[in-house]
Amino acid sequence: MESNLEPQWNPPHPRVHLRLDVRRCDVIGDVHGCYDELVSLITLLGHDDLLDPDIPPATDGHKPRLIFVGDIVDRGDKIVESLRLVHRLCQRGHALSVIGNHDDRFLRWLLGRKVKAEHGLRETTEQLNALPKRERDAWKKELIDFLSLLPWAVRINDGHAIIAHAAWHAELQEEKSPDRIRAYAMYGPTTGAQTPEGFPVRIDWAPGYEGPELVIFGHQVYDAPYWHDYAIGIDTGCVFGGALTALRYPELEIFSIPSRAARWLKKGGKVY
Ligand code: MN
């Protein structure tokens with residue numbers, strides 16, 4: 001891909017990370033507690049060593065092998081296991097995750113804010129509350145620190161690619177409002193209206209996006225990875241019975257594990 005990007009790039013906000021040292025990585029779509037498929041996908045990608053609970057910290061700690069598009073939690077059957085794995089890999093420098101809107105809502109719940117336990121958050125809190133109290137309380141504190149610092153977007157390979165949960169566009173570089181940068185990266189553009197299920201009506205931004213960075217994103221569920229010159233969507237709805245997908249960068253090769261079972265209906269509500 002031709003690039004006219006500036007060699008020096010100042011992030012518009014500290015939560016938009018410069019990761020110029022990351023040139024290759026595997027980007028993983030929305031996990032939503034689908035731990036079994038996540039384990040299979042990490043194995044398929046050839047990173048079996050990352051599944052060892054005693055894996056030592058990365059010696060080249062600045063080069064995570066996995067980057068998650070966020071939405072680790074909510075809806076699925078093994079949310080605690082998924083979060084524990086991603087948390088450990090991020091802590092030890094093997095992975096990085098941008099924050100998803102579900103992770104952010106879970107963080108607000110952890111902080112004691114008023115959040116409705118819907119859209120799968122109840123599953124997260126119930127599974128967390130099933131842990132022994134002492135373990136749970138200690139981990140909650142760690143999770144607050146972890147989730148509070150997750151970036152809104154990550155820029156890799158000298159700026160050739162941006163990873164954000166829902167969306168990105170070039171003008172965000174000039175955006176002065178942190179709230180707008182955060183909201184755009186985490187939710188994408190919305191019309192301001194709501195669907196009958198109570199979700200914000202989304203604007204399909206990717207077809208009209210013209211770069212210059214390649215944006216790799218999740219959030220929007222597609223039947224197969226969404227493929228466009230400058231945007232690749234990799235949420236293939238594992239929790240809804242689709243698949244868990246990874247994109248190998250810079251080769252742009254897709255790896256996918258079919259969902260073992262739908263845990264959630266697209267219109268909301270538990271399946272199992
Ligand atoms: Mn999601």
Side-chain angles (χ1 to χ4, degrees), residues 27-38 41 66-83 85-87 95-109 115-125 127 147 150-154 162-168 182-190 194-195 197-206 215-226 231-247 256-271:
V27 189
I28 298 182
D30 299 37
V31 174
H32 284 301
C34 294
Y35 177 73
D36 295 332
E37 291 89 340
L38 177 58
L41 184 60
L66 304 179
I67 300 184
F68 291 87
V69 300
D71 276 6
I72 309 303
V73 301
D74 290 1
R75 297 176 174 151
D77 55 328
K78 294 188 181 173
I79 297 162
V80 165
E81 292 88 338
S82 305
L83 192 54
L85 175 60
V86 174
H87 181 210
L96 194 70
S97 182
V98 297
I99 193 155
N101 55 310
H102 284 263
D103 310 315
D104 185 66
R105 211 157 45 102
F106 173 50
L107 171 61
R108 282 185 276 134
W109 178 84
V115 188
K116 280 191 195 159
E118 53 187 24
H119 311 314
L121 177 62
R122 177 166 291 116
E123 280 57 41
T124 302
T125 60
Q127 291 172 33
L147 296 172
L150 289 185
W152 301 335
V154 173
I162 292 248
I163 296 154
H165 179 62
W168 189 261
R182 175 180 169 280
Y184 197 91
M186 209 156 62
Y187 299 98
T190 53
Q194 293 222 320
T195 67
E197 293 82 34
F199 295 107
V201 175
R202 298 174 185 181
I203 295 170
D204 193 11
W205 63 277
V215 178
I216 305 167
F217 65 101
H219 189 62
Q220 179 69 45
V221 179
Y222 297 102
D223 292 337
Y226 174 84
I232 300 176
I234 58 169
D235 182 5
T236 46
C238 191
V239 80
F240 302 112
L244 186 64
T245 293
L247 177 75
S256 201
I257 297 288
S259 174
R260 289 193 176 186
R263 283 78 147 184
W264 202 259
L265 297 168
K266 274 195 182 152
K267 297 208 165 184
K270 220 181 215 182
V271 173

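Both counts, for ligands and for their atoms, begin at 1 and track the order of listing. Predicted model, so just to flag it, every value in this text is computed and none were measured.
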Distance-minimising heavy-atom pair for Trp205 and Ala166: NE1-O, 3.1 Å
Under-2.8 Å protein N/O/S neighbours of the Mn ion (ligand 1), ordered by chain then residue number: Asp30 OD2, His32 NE2, Asp71 OD2
Arg108, CZ atom: more than 12 neighbouring heavy atoms under 6.0 Å: yes
Side-chain touch Arg263/Arg75, heavy atoms, less than 4.5 angstrom: no
Partner of Asp30 under side-chain contact (heavy atoms from CB on, under 4.5 Å), chosen from Ile72, Asp235, Ile234: Asp235
Stepwise side chain to side chain donor-acceptor pair (under 3.5 Å) test for Asp74 and His119: CA-CA 7 Å; Asp74 290 1; His119 311 314; over 6 Å; no
With Arg202 via salt bridge (charged side-chain N to carboxylate O under 4.0 Å, His left out) - residues at least two apart: none
